[in-house]
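Every chain is numbered from 1 and lettered A, B, ... according to where its sequence line falls, protein lines coming before strand lines. Heavy-atom basis, side chains included; hydrogens, waters and symmetry copies ignored.
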2 protein chains.
Amino acid sequence: MRAEVLKGHLDALLLATLEDGPRHGCAIKEALCEATGGKLDLPTGTIYPALHRLERAGLISGTWSVVAGRRRRTYKLTVPGHEALAGARQSWQEFADTISSALRSTPWPATN
Amino acid sequence: MRAEVLKGHLDALLLATLEDGPRHGCAIKEALCEATGGKLDLPTGTIYPALHRLERAGLISGTWSVVAGRRRRTYKLTVPGHEALAGARQSWQEFADTISSALRSTPWPATN
DNA sequence: CTCCATACATAGCATTTCTACCTATAGGAA
DNA sequence: TTCCTATAGGTAGAAATGCTATGTATGGAG
């Protein structure tokens, strides 16, 4: 899948992976990858900065823990995060419907 | 509609507006706007650079003309442009299906 | 003891869209 | 005439954001 098409939609996906319950970065990455049949195998350089962005924005909150000697940062949705997710779902739907219908639009409005 | 969500999908839309027949820049902008009920009212600073990009890429070809004293650049799809449009439609469908299903994904795969 | 997998992180790059301007012409208003 | 608006095309610079490449650190397999 081409790189830039994801722009603006990543945040919604990340929030969605946390809807079930808390997860750490790697688990989020893997959940996205598996849930989409490998179509969204995002590099860590995409995931981690995005999580930091979401945390700065107050949509998720992270806590450090150590599991088997490896430190983990486990994120969970905040209340604003839940709201943002709902909004993002709606925005996505509207966006997708708009583009889909435009790409199917024949004939196009006459504009001379 | 937020700005960056369109990234990577604009080219497909522009190509699609030319499927019916040639159009000049302003007409493309208006066709997009009308066909989407005003949801895609893109600024000219978005349209024109994108058209130049598509022309450089050989997907559309433009010719100058003068109508009522105003110069116009009328674009039409090239053969590679038609192919690119078909590919873009397919890519969009795959992308949209992937995101839609991911946003609906509950429960997410367990990844511990 | 080396190699690999897990886990988190960041610097710098590339792409793309947007904001804000600019040029030019025609036609109507003041 | 002069000004304003609509049409038509254009660009520079900013902003956003995902990617590549690389780095740190730990534990376990071979």
**Study point:** dG18(D) phosphate, OP1 or OP2, under 4.0 Å from R53(A) side-chain N/O
**Key:** yes
Name the pairs: protein N/O against N/O of nucleotides 9-14 of chain D, kept only if under 3.5 Å.
unit_1	atom_1	unit_2	atom_2	d
dG9(D)	OP1	R73(B)	N	2.8
dG9(D)	OP1	R73(B)	O	3.4
dG9(D)	OP2	G25(B)	N	3.2
dG9(D)	OP2	C26(B)	N	2.8
dG9(D)	OP2	Y48(B)	OH	3.0
dG10(D)	OP2	H52(B)	NE2	3.0
dG10(D)	O6	T44(B)	OG1	3.3
dT11(D)	OP2	H52(B)	ND1	3.4

Practice item. Might you point out which heavy atoms bring G25(A) and L51(A) nearest each other, and give the distance in Å? Key: CA-CD1, 4.0 Å
Point to revise | Interatomic distance, R23(B) CZ vs dA8(D) C1' [rounded to whole Å] | key: 16 Å
Practice item. For DNA chain D, determine which residues of residues 10-18 of chain A have any heavy atom closer than 4.0 angstrom to one of its atoms, and list them numerically. Key: L10(A)
Practice item. Round to the nearest Å and state the distance from I28(A) atom CD1 to dA9(C) atom P. Key: 11 Å
Check your understanding: With a 4.5 Å heavy-atom cut-off, do H9(B) and L103(A) have their side chains touching?
Key -> no
Check your understanding: Do L14(B) and L59(B) come within less than 4.5 Å of each other through their side chains, counting heavy atoms only?
Key -> no
Check your understanding: When rounded to the nearest 0.5 angstrom, what is the spacing between CG in L13(A) and CG in L10(A)?
Key -> 6.5 Å
Study note, to complete from the structure: Atom CG of L6(A) and atom P of dT16(C) are separated, to the nearest Å, by 14 Å
Check your understanding: In whole Å, what is the span from the NZ atom of K7(B) to the P atom of dA15(D)?
Key -> 13 Å
Point to revise | For atom CD of E30(A) and atom P of dT6(C), their distance in whole Å | key: 7 Å
Check your understanding: Hey, does L40(B) have a side-chain heavy atom less than 4.5 Å from the side chain of L6(B)?
Key -> yes
Exercise for review: Return the 5'-most residue of the pair G8(A), A68(A) with respect to DNA chain D, ranking by each residue's nearest nucleotide.
Suggested key: G8(A)
Practice item. Specify the separation, in whole Å, of atom CG of D41(B) and atom C1' of dT19(C). Key: 14 Å
Review point. So do Y48(B) and C26(B) actually touch side chain to side chain, heavy atoms under 4.5 Å?
Key: yes
Check your understanding: According to the side-chain hydrogen bond (donor to acceptor under 3.5 Å, both in side chains) rule, which pairs have a member within residues 54-69 of chain B, sequence neighbours left out?
Key -> E55(B)-R73(B)
Point to revise | Check: S101(B) main-chain N/O paired with S105(B) side-chain donor or acceptor under 3.5 Å | key: no
Exercise for review: Look at E19(B) together with K76(B) and state whether they make a salt bridge at an N to O cut-off of under 4.0 Å.
Suggested key: no
Exercise for review: For L42(B) and dA8(D), give me the distance from atom CG to atom P, rounded to whole Å.
Suggested key: 17 Å
Check your understanding: Once you round it to whole Å, what is the distance between P of dT17(C) and NZ of K29(B)?
Key -> 15 Å
